[in-house]
Amino acid sequence: MEYSELEKIRLQKVEKIRAAGGEPYPTRANLTHTLKQAVELFEEFEKKGTSSPLEVTLAGRIRSLRAMGKLIFSHIEDSTGRVQLMLRVNEMGEEQLNQFKEDFDIGDFVEAHGVMIRTRTGEISLQATKFRMLAKAITPLPAAKDEIVDGKVVRHAVLADPEVRYRQRYADLAVNDDVRQVFRIRAATTRSLREFLDSRGFLEVETPILQPIYGGAAARPFITHHNQLKQDLYLRISFELYLKRLLVGMLDRVYEIGRDFRNEGVSFKHNPEFTQLEFYWAYADYLKVMDLTEEMLRHVSHDVLGTTQITFNGHEIDFGKPWRRVELRQGLLDATGIDIDQHLEDEALEEAMREKGLKPKPGLSRGKLIDALIGDYLEPNFIQPTFLYDYPRDISPLAKSKPGNPAVVERFEGFVGGMELCNAFTELNDPLDQEARFLEMGRAYEADDEERHPMDDDYLRAMRYGMPPNGGFGMGIDRLVMLLTDRRSIREVILFPHLREREE
RNA sequence: GGCCCAUUAGCUCAACUGGCAGAGCAGCUGACUCUUAAUCAGCGUGUUACAGGUUCGAGUCCUGUAUGGGUCACCA
């Protein structure tokens, strides 16, 4: 371990504290209030006009230090707020005051005892009579300084390098309060979703992350191995097939919030592991799920932000209004002039796209071509909340066909801010049809072994016992948090996003 | 994986067509009893991401590598 010059100076201070009989890392703190509590309590005292002083012991991390001879001002911070410390020679004598000046640095955790006062400039402060080191920092925090100009916080020298911020998230969080706020909102989001679903009779469950057969989505899995069982296992790519087994078991409304793992490329909206909400709702269909989705997002946004209006990427987005509903066929017809109902074969659609001057990748299935059209011509334009509904059957092997139209399934995807947020369908519950779909998928992926959609015999057996008709729903929580916090990258809403391994 | 851009002090950033690597903050020394990016005086802390190359001379030009960001491909 190589220490920098700055770190060596601080290590010397640790030695100095110990040599003087002090302890730079005491085992216990003895605070009486959080910083926010102390400020609020003092304000109450002032209102009541009591003459007795408010005596407190506070603890926090030193964020600023202004020493001027026989008087020191310093701000300490905890997760609830900030309080200014005022240390004067009058209260503690010169020796104590000098000790603070010599031993304490920005970044150290400190405990201070004294009375709450207002300074001449009106700032509520702790006038300390005693102080104690709680934890000495060796490495200086990457400086982030705030200046208050006309009541507005102006930030200086903010830690901004994304690599340092993600690899050393602790330092990022320590100096950037807005980053802490993102994760408070994230916690509030999952709390609100749970509360919403619980109150509607949904049961939260946990299903296997390690699975002998993966399924429920089209993605490549991570593979791992159980030594004692001598068995390869997959990290789940979705919860779908397990949650639907529970409907067979008479758990009528179930949901799970948890981690999915997909062995795919990373981007501003893709992380190898991400958090998903899925719910399955017996006796419902995709139309009921659409209504519940609108209600759920209105509820969450209001719960978390106090408003249904959000700003994302410069757009004002309103979760309060009913979502726009666009039929997939009509949407593509309007956007590209291509009527997918007129081109039911792979080659015919590919040819039609070519005629319109588009350049489809050759050899794709009709469903994949349509998927590509959605991504290019519809998704980026769905800024306000929009349901796109009625999808082609061949890219939706777990969704139920629309009565009277075998090429189309009852499926919708929800888009917000030009980004896919959720995906839902009237779930296929016909075991014979499901078996046929698995076989179709097997054929479709024959050429590419890695993306093979494996047959899940146990899932089919469950369905043969009888599965109630139901609507299912999946939503990327990370993307929802991106929307609620106006962050353009998924890495901003994941505490420790995956980065390439680096030699130190 | 392809292409484009970036990497300079602990942090934020400068450095012209190649010519002695330097500012603010933090840090160190001193002054200062109501400051709040405190102020004032002094001190410059560096393998310019890494490895080579061209050149009298490279932070700057060339090649390669690493990491990050963007974009395309793949995907959700």
Side-chain angles (χ1 to χ4, degrees), chain A residues 3-10 12-13 63-75 82-91 94 97 101-102 105-107 117-123 125 127 137-149 153-168 171-172 175-176 216-220 237-238 260-272 274 276 361 364 368 371-372 374-376 379 395 413 415 419-423 448 450-451 474-476 478-479 488-491 497 499-504:
Chain A
Y3 289 106
S4 70
E5 287 307 308
L6 270 59
E7 289 170 328
K8 284 175 188 160
I9 291 164
R10 293 194 177 195
Q12 283 163 14
K13 292 182 182 182
R63 291 305 308 276
S64 68
L65 212 44
R66 296 177 294 281
M68 48 201 74
K70 299 188 168 59
L71 173 69
I72 301 171
F73 288 104
S74 167
H75 276 98
R82 282 188 189 204
V83 163
Q84 180 170 257
L85 296 185
M86 180 161 90
L87 297 96
R88 298 198 305 175
V89 71
N90 309 39
E91 276 76 38
E94 201 151 345
L97 195 75
K101 262 193 265 184
E102 284 166 24
D105 293 292
I106 289 172
I117 54 140
R118 252 182 215 279
T119 62
R120 274 176 217 166
T121 51
E123 179 162 352
S125 307
Q127 187 171 61
I138 304 302
T139 306
L141 285 176
K145 296 194 82 173
D146 301 341
E147 180 185 16
I148 314 289
V149 180
V153 177
V154 180
R155 314 209 69 200
H156 300 276
V158 176
L159 172 64
D161 180 350
E163 186 167 359
V164 176
R165 288 188 48 234
Y166 299 149
R167 287 192 195 277
Q168 302 183 36
D172 184 31
V175 299
N176 291 326
R220 277 185 286 175
I237 59 171
S238 88
D260 270 342
F261 306 86
R262 298 189 183 175
N263 208 337
E264 310 277 357
V266 297
S267 80
F268 72 97
K269 52 181 178 178
H270 298 92
N271 194 62
F274 62 103
Q276 182 95 343
K361 215 176 128 188
L364 287 181
K368 289 218 164 192
D371 213 26
I374 295 169
D376 290 344
E379 179 169 3
I395 51 168
E413 291 188 308
F415 298 87
M419 194 164 59
E420 184 194 333
L421 179 65
C422 55
N423 181 22
D448 188 347
E450 271 191 301
E451 281 194 23
M475 176 169 69
D478 312 277
R479 291 187 185 175
R488 309 260 285 277
S489 165
I490 198 167
R491 291 178 166 181
L499 297 183
R500 200 178 296 272
E501 197 171 9
R502 183 169 209 190
E503 292 166 34
E504 293 284 346

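Residue numbers begin at 1 in each chain, while the letters A, B, ... track the order of the sequences. We use all heavy atoms of the structure for the numbers below, so side chains are in, but hydrogens, waters and symmetry mates are not. All of these numbers come straight from a predicted model, not from anything done at the bench.
- At the heavy-atom level, A/Q84 lies under 4.0 Å from base atoms of the strands shown.
- Annotation: B/rG59 and B/rU48 have their P atoms spaced 7 Å apart (nearest Å).
- Within the nucleic acid shown, A/D260 has no heavy atom closer than 4.0 Å to any nucleic acid atom.
- Counting heavy atoms from C-beta on, the side chains of A/R88 and A/K70 never come closer than 4.5 Å.
- The side chain of A/K13 contributes an N or O atom lying less than 4.0 Å from OP1 or OP2 of B/rC28.
- To the nearest 0.5 angstrom, A/N90 atom CG is 7.5 Å from A/Q127 atom CD.
- Within the nucleic acid shown, A/D478 has no heavy atom closer than 4.0 Å to any nucleic acid atom.
- Closest to the side chain of A/P162, out of B/rU12, B/rU71, B/rG69, is B/rG69.
- Scanning RNA chain B for stems, defined as runs of 3 or more consecutive Watson-Crick or G-U wobble pairs whose donor-acceptor distances all fall under 3.5 Å, gives the following ranges: B:1-7 with B:66-72, B:10-13 with B:22-25, B:27-31 with B:39-43, B:49-53 with B:61-65.
- The gap from the P atom of B/rU67 to that of B/rA73 amounts to 24 Å, rounded to the nearest Å.
- The side chain of A/R220 approaches B/rC74 more closely than any other nucleotide in the set B/rC74, B/rC11, B/rC34.
- Proximity note for A/K368 (side chain, C-beta onward) versus B/rU33, B/rC75, B/rG27: the nearest is B/rC75.
- For a distance-only test at 3.5 Å, the side chain of A/E163 fails to qualify as a donor-acceptor partner of the base of B/rU7.
- Counting any heavy atom pair closer than 4.0 Å across all strands shown, A/L499 reaches sugar-phosphate atoms only and no base atom.
- At the heavy-atom level, A/I9 lies under 4.0 Å from the strands shown only through sugar-phosphate atoms.
- When distances are taken from the side chain of A/D105 to each of B/rG27, B/rU12, B/rC75, the shortest belongs to B/rG27.
- Closest contact between the side chain of A/R500 and the listed nucleotides B/rU12, B/rU67, B/rC34 involves B/rU67.
- Using a 4.0 Å heavy-atom distance criterion, A/E5 is classed as making no nucleic acid contact.
- Comparing the P positions of B/rU8 and B/rA49 gives an interatomic distance of 6 Å, to the nearest angstrom.
- For A/R488 and B/rG70, the shortest distance from a side-chain N or O to OP1 or OP2 is not below 4.0 Å.
- Nearest nucleotide to the side chain of A/M68, out of B/rC34, B/rG68, B/rA76: B/rC34.
- Judged by atom type and distance alone, A/N90 reaches the base of B/rU33 through a side-chain donor-acceptor pair under 3.5 Å.
- To the nearest 0.5 Å, the span separating CD1 on A/I490 from NZ on A/K269 amounts to 10.0 Å.
- When the P atom is compared between B/rC4 and B/rG64, the two are found 10 Å apart, to the nearest whole Å.
- Residue A/A218 has its side chain nearest to B/rA76 when only B/rU67, B/rU33, B/rA76 are considered.
- Separation of the C1' atoms belonging to B/rC16 and B/rG22 is 16 Å when rounded to the nearest angstrom.
- Comparing atom distances between the A/R491 side chain and each of B/rG68, B/rA76, B/rU33 picks out B/rG68 as nearest.
- Going from the P atom of B/rU29 to that of B/rG69 covers 39 Å, rounded to whole Å.
- One N or O donor and one acceptor, one from the side chain of A/T121 and one from the base of B/rU36, sit under 3.5 Å apart.
- The residue A/A67 sits close to a base: some heavy atom pair falls under 4.0 Å.
- As judged by a 4.0 angstrom heavy-atom cut-off over every strand, A/F274 is placed among the base-contacting residues.
- Counting distance only, with no hydrogens placed and no angle test, the side-chain atoms of A/T119 and the base atoms of B/rU35 include a donor-acceptor pair under 3.5 Å.
- Which of B/rG27, B/rU35, B/rU67 sits closest to the side chain of A/I106 comes down to B/rG27.
- The base of B/rU36 is not paired with the side chain of A/S64 by any donor and acceptor separated by under 3.5 Å.
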- Task: I would like to know whether A/F73 and A/Q84 meet side chain to side chain contact (heavy atoms under 4.5 Å, CB included); could you show each step before the answer?
- Result: CA-CA 7 Å; A/F73 288 104; A/Q84 180 170 257; 3.5 Å; yes

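- Across B/rA9 and B/rC43, the matching C1' atoms stand 15 Å from one another, rounded to whole Å.
- Here the separation of B/rC25 from B/rU45, taken at their C1' atoms, is 14 Å to the nearest Å.
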